[in-house]
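As the structure is a computational prediction, the values presented were derived from the model and not from experiment. When a residue number appears, it is its place in the shown sequence, counting from 1.
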Amino acid sequence: MKNNNLLASAKLTSKGQITIPKIVRDTLALGVGDSVIFYLDDKKNIKISNRKDCKIESDIKKEQIVVRSGK
C-alpha cells in the first residue's frame, strides 16, 4: 500500500458540512464561488477536485459518470 502524506483534516458539522482547509483551497486554486466535485478513482479512493479542472463525461456502457482531470 502506498503511503500518503496527510494534507489536512476537517470536522463534519451537524448539517453535514465541512470547511475546506486553506491548504486544500490553495492547492486546488479554489476561490469564492468555485465548485468542487467528489469522485471515486479506479481504486475506490474518494477524490476532490476543482470542477473547472475536470471534464465530466457520461459512460453509457458502464452506466456511470467519468471524471477526467484537465491537468
Side-chain angles (χ1 to χ4, degrees):
M1 181 164 156
K2 180 182 172 188
N3 289 335
N4 292 299
N5 295 325
L6 177 65
L7 186 60
S9 66
K11 190 173 185 179
L12 191 67
T13 70
S14 61
K15 292 183 179 183
Q17 300 169 329
I18 61 167
T19 298
I20 299 173
K22 182 173 181 354
I23 191 168
V24 175
R25 294 191 314 265
D26 291 348
T27 300
L28 296 177
L30 292 171
V32 175
D34 284 345
S35 294
V36 296
I37 57 171
F38 300 90
Y39 61 97
L40 288 173
D41 68 10
D42 293 337
K43 296 180 181 179
K44 304 287 186 192
N45 296 306
I46 297 173
K47 304 287 186 164
I48 180 175
S49 187
N50 189 328
R51 172 62 180 93
K52 67 184 174 190
D53 293 336
C54 296
K55 182 175 182 181
I56 300 174
E57 302 171 345
S58 205
D59 187 337
I60 304 290
K61 293 176 186 174
K62 295 183 180 178
E63 297 181 2
Q64 65 185 11
I65 300 297
V66 177
V67 178
R68 301 196 192 291
S69 177
K71 290 185 174 182

Exercise for the section: Assess whether side-chain contact (heavy atoms from CB on, under 4.5 Å) is satisfied between Ile48 and Ile37, documenting all intermediate values. Expected result: CA-CA 6 Å; Ile48 180 175; Ile37 57 171; over 6 Å; no
Problem - Lys/Arg N to Asp/Glu carboxylate O, Lys52 vs Asp34, below 4.0 Å - result: yes
Exercise for the section: Evaluate the side-chain proximity of Leu40 to Asn45: yes if any heavy-atom separation is below 4.5 Å, no if none is. Expected result: no
Completion exercise
Value for CG (Asp41) from NZ (Lys47), rounded to nearest 0.5 Å, stands at 4.5 Å
Practice task
Measure across Ile18 and Lys11 and return the closest heavy-atom pair with its distance rounded to 0.1 Å.
Solution key: CG2-O, 3.6 Å
Exercise for the section: For Asn50 and Leu28, indicate whether the former's side chain and the latter's backbone hold a donor-acceptor pair under 3.5 Å. Expected result: yes
Handout entry: Test item: Ser49 side-chain N/O and Arg51 main-chain N/O as donor-acceptor pair under 3.5 Å
Key = no
Exercise for the section: Kindly give the heavy-atom pair with the smallest separation between Pro21 and Ser9, and that separation in Å. Expected result: CG-O, 3.6 Å
Practice task
State plainly whether one hydrophobic cluster holds both Ile23 and Phe38, where clusters connect Ile, Leu, Val, Met, Phe, Trp and Tyr through side-chain heavy atoms under 4.5 angstrom apart.
Solution key: yes
Exercise for the section: Rounded to the nearest 0.5 Å, what's the gap from CG on Leu30 to CD1 on Ile20? Could you check? Expected result: 5.5 Å
Exercise for the section: Report, as yes or no, whether the 6.0 Å neighbourhood of atom CD1 on Ile46 holds more than 12 heavy atoms from other residues, nucleotides or ligands. Expected result: no
